[in-house]
Each structure stands twice: as C-alpha cells, then as structure tokens.
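Reading through the structure tokens given below for one structure.
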2 protein chains.
Amino acid sequence: MGKSAASSPRGPTRARIIETACVLFNRNGAERTTTRAIAEAAGINEGNLYYHFRSKELLVLAVFERFEHAADALLTDGSSSTPFDYHLRLRGWFELTWAYRFLFRDVAGLEAIAPSLTVRLRRLSVRLQRRVRTMIAGLTEAGLLRIAPEESDRLLDNLWIVASYWIAFLVAHRGVKQIAPRHLEWGFAQVRSLFAPYLGAEMRGLLDSVPVRDE
Amino acid sequence: MGKSAASSPRGPTRARIIETACVLFNRNGAERTTTRAIAEAAGINEGNLYYHFRSKELLVLAVFERFEHAADALLTDGSSSTPFDYHLRLRGWFELTWAYRFLFRDVAGLEAIAPSLTVRLRRLSVRLQRRVRTMIAGLTEAGLLRIAPEESDRLLDNLWIVASYWIAFLVAHRGVKQIAPRHLEWGFAQVRSLFAPYLGAEMRGLLDSVPVRDE
DNA sequence: GTCTATAATCAGATAGAC
DNA sequence: GTCTATCTGATTATAGAC
C-alpha cells in the first residue's frame, strides 16, 4: 500500500519515464512537453508510456512526488540548527528548485493539466513555510537574528518569493538559458542579502566563513 | 508609419479584440487562451479576428505594446523625484503588473508562442531597470537611502523579483484566485519592507505619511 | 469588415496484437 | 511489458462568399 499517486507498475522503465519527463519538463515546460516527446526520449513507445501512466496528469504527479519527498527530507531531516545547517539547507533548497524548476514556472498552468496538484502543492507549501518560520524564530531567540516580529513575516514572504522565482527572473530578465553553478551562487547571495540587514555580527561572521562550493 | 507590430487595420473592433485578449490572457494564461475563445468573448467571428491579426503572435504583441507604452510612461514621465513621486510610481507599477499579469506568468512559455517578444521584453527590462537604478542612486545621494554600493545591486534585483512575482506567489502559495485591492497593498508593503532597513528616518516618515488608497 | 466553411496539424488517449 | 494502429477533439490558420 504505497503512498504514490500512480498505482500499478514498478520497474526500471517507469523510473526512466519519470526521470526523462522531469528533464523535458524543465527544458520546455510541462505544458509544452508532449507524451510523445517523453516516450521518444525515454526510448519507448507512446502506448507503452500510457501503460505505465494512464494519463499525463499521473505522470506529472509522479514527478512532483519526487520533489515533494526531497523537499520534506531537506526541511525536516536533522533538526539541528546551527548557522552552518541553515546554510546547507538553503543551498539544498536552491539545488532542489533548480532540479525541479518546471514546478516554479507557471503553477496555475501546471494545475490546468494536473488539477490534483493544487491541493498537494498548497499543503507542501504550508508545511515548508511553517518549518522556515520556526527556523527564523530559532535564530531570533538565539540572538543571531535581530528583527521585529511584524517585520519577520514580511521577510519570510520575500525570502520565499526570491528563493522560488530567482530562476524565472534570470530567464526573463537576464536572458539566461542554461543555469550554471555560478547562477546558483547568485541566487544564494540574493537570499543572503535579504537577511543581511538583520544579522547579528556573530551570524554574519559564521556565514561568511562558509566556503563557496565549486561544482 | 506607426510603430505598432500589427500593421494594417484600425478601428473599434481591433481595440476590442486587444482588450478582450488581455482579459482572457490574464484569466487563463496566453497559452491556454484560444483564438476561438477570444473571438467569442469579443462577440466576433474567428475568421474576423484573423482579419485583424494575421496570427496569434501578432495579437500577443499588440497587447504587449500597450503594456510597454504604459510602463515607459510610468518610469520616464515626470522626472520629478520626491519620495512621494517614488511612492506613486511604485504603486503604478503594481497596478500595471496586475493589469498585465499574464506577462509575468511564464515568460519562456509566452516566448514560445510569440518569439518576437523575446527581444522587446529584454529591451524593456533593461530600460526599466536602468531607470530604477537611477532612482535608487538619486535617493542615496539625497541621503534618504543609506546603502553600500555593492548591496545596492542586490537590493535592486530583489526589488525586481518581488515586484514582478508577487502575483505568482499569491496564486501559488496563498491560493489567491482573484486579486483584490488589499493584495495590491500587500505586495506594496512587501517591496517597502525590502527598502525599510536602508531608509533614513526622514524618508521613512514621508512614506508612512502617504495615505493608503481605498479603491 | 464580417461571416461560413474547411484545411492542416497535433495533442492526449485507447484497443488489441505480440 | 511493449508495440502498432487508430480515434477523438482541439487549435491555428486560410479561402472565399457576402
């Protein structure tokens, strides 16, 4: 009795379809990716694809579930809360939003082809945001972050917006076609600059000491 | 010898098509809005629509041009630069992004159905961002804004991201279906909170004194 | 300018042989 | 599990009468 959306068959083909779909969704958007293209890229026939996923919606949902698990794991896994942990989690989030960037392109459009996504997306969003709120509260209590409670919610939302739509911004306004590691660094720095004005000296020092990874 | 993308016919029908298209684009996204739906909503036949716009791309471009003119007018018109003017212009921008919110849903997807939009969108983006940069520099010189030069660019980009994707955020994460004036206020407050840490006392007082409009 | 066809294409999805 | 063949419906766009 698994928790997955797509019910029946397992095996390597199914996994390959999901992986291929994710790649193509990211490249062209889920709406402009046809089942035909996915099947072809996965090296199977279209009819076969429909054996594994009885509709495109179920396939989209299966891809989403991978993101969901990764996101949950990232933000609940290890409740340790040193500044370094926050740093790593933020980086993990950036890599995740990049790996599943099609989810951040046009949610309304995505929900149009996969209506069952609406509820699950909202639930995930609430879960994650609650967790981040706790993290911010923890930082504040520890005296690492100095921010008024009413400003805290604004910061949280701005944080969320920047951390979610940095890719869309780079694509639309900077003409970036392929995101490279340096773009990840860029988005990362943007989010850090949101925090910067509220950071205590201690926290600032800790963050600056974290080395930039070279991938 | 007009500057518009769509060349030939003028008149009320053409204008009505553009207006109708904009409304439907905003409602369902430009990609999921069919020429049939536009024609029907405009009360004309589909063949007639294709008389006025020889392709869907030209229609998209015509709608974009209205946005472009409004945006240019908003950010170049009246180079006066009192804090109050900045305030009004920011509000104007929020109303504009709302009135043409389909442009901020999925730029890559939009460019897929209207490739000629790519260049014009990027050019507009550069123009606007340059203007905002000047505004920030002006505020800094006037001593109203206190921010280090290297932080200034980060602020500018975050500003741009929040001011562009606040709608997408509300739709995706708050489940907002119809944007009301209070949502405009919300987005407005989000952007102001980006500035807040860098505001001098004088500027802060001026902004707070600007009344909230009740539409 | 506006309409009535209708073409051309392509999407998601199904039936049934292997 | 995988393939071939096919259906159905929708979408952009055109030709030509009024």
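Every value quoted in this text rests on a predicted model; they were computed, and no experiment measured them. Here is how names work: the chains are called A, B, and so on, in the same order as the sequence lines, proteins then strands, and each is numbered from 1.
Between B:S164 and A:F169, every side-chain heavy-atom pair lies at or beyond the 4.5 Å cut-off. Considering only heavy atoms from C-beta on, A:T35 stays 4.5 Å or farther from A:F53 through its side chain.
Listed by chain and residue number, A:E68, A:D72 satisfy the salt bridge (Lys or Arg N to Asp or Glu O under 4.0 Å) test with A:R127 (two or more places apart in sequence, or in another chain).
At a threshold of 4.0 Å, the pair A:R133-A:D157 does not count as salt-bridged, since none of the basic side-chain nitrogens sits closer than that to a carboxylate oxygen.
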Treat primed atoms plus P, OP1 and OP2 as sugar-phosphate and everything else as base, then score nucleotides 2-18 of chain C 5' to 3': B for base contact with protein heavy atoms under 4.0 Å, S for sugar-phosphate contact only, - for none. BBB------SBBB----

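Judged by the 6.0 Å distance and 45° axis criteria, A:R91 is positioned over the aromatic ring of A:F188.
Atoms CD1 (B:I17) and C1' (C:dG1) sit 10 Å apart, rounded to a whole Å.
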